[in-house]
**Q** 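Have a look at this one.
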Amino acid sequence: MNDVRIFDGPSAPRTNTAGDPSRRSFLRTGAAALGGMAALAAALSPLRELAADDVPNLDDFLQKHYKEMTAAEMEVALERIRAKVEERYGVRPHVRDLKPMDGVEFGYALNLSRCIGCRKCVHACVAENNQSRSPEIQYIRVIEMPRGTMDVEKGSHHYDRPEVPEAQHFYMPVQCHQCANPPCVKVCPVEATWQEKDGITVIDYDWCIGCRYCEAACPYWARRFNFAKPSLPREQLNPNMSYLSNRPREKGVMEKCHFCLHRTREGRMPACAEICPTGARKFGNLLDPHSEVSEILKTKRVFVLKEEVGTLPRFFYYFDERYPNQLDPDAVAIAERLREEEGDAYGALPGVNGPSAAALALASPQRCHGARA
Amino acid sequence: MTTYLKFLSRCFRLSFVGDARYYAWMFALTVCVLLGINAYCKQLVYGLATTGMTDQVSWGFYIANFTFLVGMAAAAVMLVIPVYVYRNRELHDLVIFGELFAVAAIIMAMLFVTVDLGRPDRFHHLPLRFNFPSSMLTWDVLVLNGYLLLNLHICGYLVYCAYRRREPSKIFYIPFVFIAIVWAISIHTVTAFLYSGLGGRPFWNSAVIAPRFLASAFAAGPAFLILTLSVLRSFTTYEVSTKAFMTLRNIVTIALTINMFLLGSEAFTEFYTDSAHVASAKYLFVGLHGRSALVPWIWSAIALNTIALFLLYMPWSRRLPVLQVVSFMLIVGIWIEKGMGLIVPAFIPTPLGEIVEYLPTLNELLVTLGIWAFGLLIYTILVRVTVPVLAGQLTYDKRFAETKAELEAGLAVGAR
């Protein structure tokens with residue numbers, strides 16, 4: 001390896017070009033560096049469009065995980081939420097951190113013989129929980145199922161008939177089942193989602209990093225992601241909020257049904273149960289043997305969706321044994337009355353219940369270069 | 001310490017030395033990186049709505065590329081094992097290029113996860129509430145970073161020893177080489193468990209996912225090295241023996257055979273059973289309820305892999321140009337199979353039976369392009385620096401200008 005080397009100095013005129021080579025090379029390097037910086041600046045230029053309230057400030061950055069905050073720190077965080085909501089929506093909200101009650105474990109029972117598929121629960125939920133309206137995020141999905149099967153793949157998500165309920169189908173609303181063995185909680189890398197004492201699986205919206213692993217893990221497709229900045233008209237804002245439930249969310253975080261904990265932890269019904277015109281939805285305390293849900297679990301043949309995945313849902317379905325092959329005639333009568341009263345507003349709202357991405361096209365026409373196929 | 005800093009600064013300066021083709025390649029990569037940065041800035045402003053992902057298909061191209069690259073990184077082990085366990089001589093001086101690629105691949109994989117995050121500004125939440133051992137994602141963070149450090153250490157140590165004209169001391173790297181062998185298997189296994197542990201996604205919920213990941217990685221990784229070594233052989237004076245290529249060819253052949261076998265096993269189990277679980281596989285291979293966006297993808301992957309496998313078993317592929325074409329085909333084939341073929345169909349239909357299709361948007365493609373270009377940029381620089389150091393052209397007792405002159409002279413020879 002000891003080949004002979006000729007030491008001809010560092011600035012040997014190897015490249016025979018005109019001018020002083022070191023000066024030339026300096027100029028060339030300088031020009032290249034300048035060009036590079038300009039190109040980088042151009043590449044970064046979209047960041048100028050970042051809205052000021054979209055950029056996390058130091059307080060946001062340093063805010064602790066929900067479980068680590070002291071009462072005083074929580075008060076500071078709540079005040080910050082109030083200020084932000086007031087600034088963004090012009091409404092001073094009533095935001096609290098409501099804790100679970102002792103001796104309460106919430107459960108849901110849904111009478112499939114009374115569900116008429118009117119989707120009032122879907123819209124009441126959106127109105128209650130300050131979801132983004134465009135793209136619209138919905139926690140409840142009502143599936144129109146043909147009789148004779150429980151295979152959701154045979155159902156229709158986007159049924160659009162003014163005459164619901166249609167006799168050959170039944171209607172199955174699905175939302176977060178508040179599992180006792182929740183796969184979404186298990187997979188979260190940062191513990192941004194957990195199960196509370198009363199059985200509700202919640203999300204700390206200020207802690208979620210938006211990896212969407214929970215969304216992949218959920219067997220009930222109950223979780224939603226804010227793909228875009230949520231947009232909520234100020235007149236539609238519900239000012240009654242709590243930290244772990246319906247306070248407005250940011251872009252890039254997960255959200256999901258929380259059994260309206262800002263209502264239910266104060267003894268009220270969730271919005272979906274309250275709005276249901278036929279009383280198909282029953283909500284209550286599983287630990288209270290005299291509650292309506294406990295009574296239903298004892299006396300009806302209830303079942304859960306996808307029992308085989310071992311998630312132990314707290315959301316139960318049942319059919320009324322009095323009407324083995326039809327909807328409860330009482331519920332059908334209610335549907336007819338509603339159709340008369342509400343006309344076109346009754347039943348399906350086309351497009352709104354579609355995939356959240358579809359609504360994105362409306363959000364902002366110059367949103368991005370990517371044309372959606 | 002100063003010597004080491006000087007070493008780094010010399011390496012940095014060395015990465016700017018090259019001929020017109022080198023500059024053209026680096027310029028093209030830089031342009032792609034800038035395009036990617038630009039697209040990512042748009043994503044930061046408008047959110048992940050700039051991608052084709054939806055609540056229905058909530059992981060797409062980014063996670064697909066992440067999965068593929070973890071496999072590519074793990075595949076370095078397919079050079080390490082022959083060299084350090086079976087004492088293969090031909091590959092001995094080449095193993096470092098595999099390890100360097102592992103470094104670049106891991107960096108790319110991590111970038112793909114980062115761009116997939118909705119809130120990258122909250123990255124520090126990860127160490128603060130690290131959900132270990134419950135979340136497989138935290139396992140992945142640990143094994144990927146560990147593997148990156150192991151490879152940085154092994155390569156850095158060997159290269160620095162060559163630079164100082166020292167004989168590397170075995171105790172400082174041999175134990176790490178053997179740890180890295182096990183670690184390489186672990187990174188891809190953990191990444192497979194990330195998916196296969198989800199009971200709500202029957203398409204992933206299969207024990208064969210981890211073995212399949214390893215087999216496909218051990219085919220695509222060495223195939224990529226065949227291409228890299230071909231470039232080294234034609235553009236530098238670095239010696240790459242034909243026997244080394246044949247060893248890699250054998251590795252690729254066996255790994256690809258196993259991969260095709262596992263794919264067949266999976267397909268048989270799904271389609272012969274024909275239970276409700278087959279929906280995603282049906283969507284992938286033949287389409288479901290008239291929706292079939294992924295069908296052309298998977299069949300091109302299968303075609304590419306089958307033709308590659310056939311050629312590998314034929315004597316023609318002993319010729320380097322054929323082997324290069326075969327390598328390229330199977331890299332693309334496996335990239336499709338593991339990306340669009342494994343990540344996306346698990347989301348279609350959704351757990352509630354809805355079918356929403358997925359195609360990446362232009363912005364998503366540009367971010368992806370940028371990350372790939374960045375990874376290749378890193379790999380090019382690593383190789384560009386390593387080759388002259390190992391060849392004794394850049395050492396601590398030589399002046400940098402001398403090395404530069406020597407290299408430029410060499411390039412002039414190579415160009416002729």
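For clarity, every value in this text was computed on a predicted model and none was experimentally measured. Below, chains carry the letters A, B, ... as their sequence lines are ordered, and counting in each starts from 1.
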**Q** Quick one: closest heavy-atom pair of A:Ala42 and B:Asn38, and the distance?
**A**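 Heavy-atom minimum between the residues: O-ND2, 3.5 Å.
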**Q** A:Asp206 versus chain B, heavy atoms under 4.5 Å apart: side chain, backbone, both or neither?
**A**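 Both the backbone and the side chain of A:Asp206 come within 4.5 Å of chain B.
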**Q** Could you give all pairs that pass the side-chain hydrogen bond (donor to acceptor under 3.5 Å, both in side chains) test and reach residues 120-129 of chain B, with sequence neighbours left out?
**A**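 Checked against side-chain hydrogen bond (donor to acceptor under 3.5 Å, both in side chains) - neighbours excluded - the pairs reaching residues 120-129 of chain B are A:Glu68-B:Arg129, A:Glu191-B:Arg129, B:Arg119-B:Asp121.
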**Q** Has A:Tyr205 got more than 12 heavy atoms of other residues, nucleotides or ligands less than 6.0 Å from its OH?
**A**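 It does: A:Tyr205 OH has more than 12 such atoms within range.
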**Q** Grab the two heavy atoms, one from A:Trp221 and one from B:Glu354, that are nearest each other, plus how far apart they are.
**A**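 Looks like CH2-OE1, 3.9 Å.
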**Q** Above 12 or not: heavy atoms from other molecules or residues under 6.0 Å from CD of B:Glu239?
**A**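 No, CD of B:Glu239 has 12 or fewer neighbouring heavy atoms, counting only those of other groups under 6.0 Å.
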**Q** What pair of heavy atoms forms the shortest contact from B:Gly118 to A:Arg212, and how long is it?
**A**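 Looks like N-NH1, 4.5 Å.
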**Q** Just so I understand: if I count every heavy-atom pair under 4.5 Å between each of A:Pro189, A:Ala217, A:Pro183, A:Ala51 and chain B, which residue has the most?
**A**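 When all of A:Pro189, A:Ala217, A:Pro183, A:Ala51 are compared, A:Pro189 has the most.
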**Q** Go through the atoms of B:Leu198 and report whether side chain, backbone, both or neither lie under 4.5 Å from a heavy atom of chain A.
**A**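 B:Leu198 touches chain A through side-chain heavy atoms alone.
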**Q** Pick whichever of A:Cys208, A:Ala43, A:Gly252 has the most heavy-atom pairs under 4.5 Å with chain B.
**A**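 Counting heavy-atom pairs under 4.5 Å, the top option is A:Ala43.
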**Q** Just give me the residue among B:Leu126, B:Val141, B:Leu365, B:Leu194 that pairs up with chain A most often, heavy atom to heavy atom, under 4.5 Å.
**A**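 Looking at each of B:Leu126, B:Val141, B:Leu365, B:Leu194 in turn, B:Leu194 comes out on top.
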**Q** Just verifying a value: how many Å separate B:Asn131 CG and A:Thr193 OG1, rounded to the nearest 0.5 Å?
**A**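 Result: 10.5 Å between the selected atoms.
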**Q** Just so I understand: if I count every heavy-atom pair under 4.5 Å between each of A:Lys186, A:Met254, A:Lys229, A:Arg48 and chain B, which residue has the most?
**A**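 The residue among A:Lys186, A:Met254, A:Lys229, A:Arg48 with the greatest pair count is A:Lys186.
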**Q** What residue in B:Gly47, B:Pro127, B:Ser135, B:Gly197 has the most heavy-atom pairs under 4.5 Å with chain A?
**A**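 Option with the top pair count is B:Ser135.
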**Q** Is A:Glu215 close to B:Trp59 at the side-chain level, that is, under 4.5 Å between some pair of heavy atoms?
**A**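 The answer is no, as the side chains (C-beta and beyond) never meet within the 4.5 Å cut-off.
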**Q** Counting only heavy atoms not in A:Glu307, do more than 12 fall under 6.0 Å of its CD?
**A**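 Count not over threshold, so no.
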**Q** Does any heavy atom of chain B fall under 4.5 Å from the side chain of A:Leu44, the backbone, both, or neither of them?
**A**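 A:Leu44 touches chain B through backbone and side-chain heavy atoms alike.
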**Q** What's the separation between atom CG in A:Leu40 and atom OG1 in B:Thr30, rounded to the nearest 0.5 Å?
**A**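 Taking CG in A:Leu40 and OG1 in B:Thr30, the distance rounds to 11.0 Å.
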**Q** How long is the gap from CD1 on B:Ile355 to NE2 on A:His157, to the nearest 0.5 Å?
**A**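 It comes to 9.5 Å.
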**Q** Please say whether more than 12 non-hydrogen atoms of neighbouring residues, nucleotides or ligands are located less than 6.0 Å from CH2 in B:Trp139.
**A**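 Not buried by this count: 12 neighbours or fewer within 6.0 Å.
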**Q** With only heavy atoms counted, which part of A:Lys64 is less than 4.5 Å from chain B, the side chain, the backbone, both or neither?
**A**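 Nothing of A:Lys64, per the 4.5 Å heavy-atom cut-off to chain B.
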**Q** At a heavy-atom separation under 4.5 Å, does B:Leu288 approach chain A through its side chain, its backbone, both, or neither?
**A**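 Contact with chain A: side chain only.
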**Q** Looking at residues at least two apart in the chain, or sitting in another chain, which of them share a side chain to side chain contact (heavy atoms under 4.5 Å, CB included) with B:Ala64?
**A**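 Listed in chain order: B:Ile343.
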**Q** So which residue, B:Thr350, B:Leu366, B:Leu44, ends up with the most heavy-atom pairs under 4.5 Å with chain A?
**A**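 Answer, by heavy-atom pair count under 4.5 Å with chain A: B:Leu44.
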**Q** For B:Phe132, does the CZ atom have more than 12 heavy-atom neighbours from other residues, nucleotides or ligands under 6.0 Å away?
**A**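 Counting neighbours around CZ of B:Phe132, more than 12 heavy atoms of other residues, nucleotides or ligands fall under 6.0 Å, so yes.
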**Q** Rounded to the nearest 0.5 Å, what separation is found between the OH atom of B:Tyr40 and the CG atom of A:Leu47?
**A**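 B:Tyr40 atom OH to A:Leu47 atom CG measures 10.0 Å (nearest 0.5 Å).
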**Q** Measuring heavy-atom distances to chain A, does B:Phe347 have an atom under 4.5 Å in its side chain, in its backbone, in both, or in neither?
**A**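 Answer is side chain: those atoms of B:Phe347 sit under 4.5 Å from chain A.
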**Q** Within the supplied structure, the quantity of interest is the number of heavy atoms (other residues, nucleotides, ligands) at a distance under 6.0 Å from B:Tyr23 OH; does it exceed 12?
**A**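 More than 12 heavy atoms, drawn from other residues, nucleotides or ligands, come within 6.0 Å of this atom.
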**Q** Who among B:Pro120, B:Ala279, B:Ser134, B:Gly199 has the most heavy-atom pairs with chain A under 4.5 Å?
**A**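 Counting heavy-atom pairs under 4.5 Å, the top option is B:Ser134.
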**Q** Which atoms of A:Val185 are under 4.5 Å from chain B, going by heavy atoms: the side chain, the backbone, both sets, or neither?
**A**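 Contact with chain B: backbone only.
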**Q** Within the distance-only criterion (no hydrogens, no angle test), does the side chain of A:Lys154 pair as donor or acceptor with the backbone N or O of B:Gly353 below 3.5 angstrom?
**A**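 The answer is no, because no donor-acceptor pair under 3.5 Å joins these two groups.
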**Q** Is A:Val187 in contact with chain B via its backbone, its side chain, both, or neither, using a 4.5 Å heavy-atom distance?
**A**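 Both parts, heavy atoms under 4.5 Å.
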**Q** Would you indicate whether A:Lys306, at its atom NZ, is surrounded by more than 12 heavy atoms from other residues, nucleotides or ligands within a distance under 6.0 Å?
**A**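 More than 12 within 6.0 Å, yes.
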**Q** Within this structure, what is the OH-OG1 distance for the pair A:Tyr213 and B:Thr138, rounded to the nearest 0.5 Å?
**A**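 One finds 9.0 Å between OH of A:Tyr213 and OG1 of B:Thr138.
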**Q** Please find the pair of heavy atoms, one from B:Asp116 and one from A:Cys211, that lie closest to each other, and give the distance.
**A**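 So the minimum-distance heavy-atom pair works out to OD2-O, 3.9 Å.
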**Q** List the atom of A:Cys218, the atom of B:Pro351, and the distance in Å for their closest heavy-atom pair.
**A**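 Scanning both residues, the minimum pair turns out to be O-CG, 3.6 Å.
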**Q** First locate atom CG of B:Leu137, then atom SG of A:Cys188, and finally report the distance between them rounded to the nearest 0.5 Å.
**A**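 One finds 9.0 Å between CG of B:Leu137 and SG of A:Cys188.
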**Q** Can you see which heavy atom on A:Phe227 is nearest to which on B:Asp55, and at what distance?
**A**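 Taking A:Phe227 first and B:Asp55 second, the nearest heavy atoms are CE1-N, 3.5 Å.
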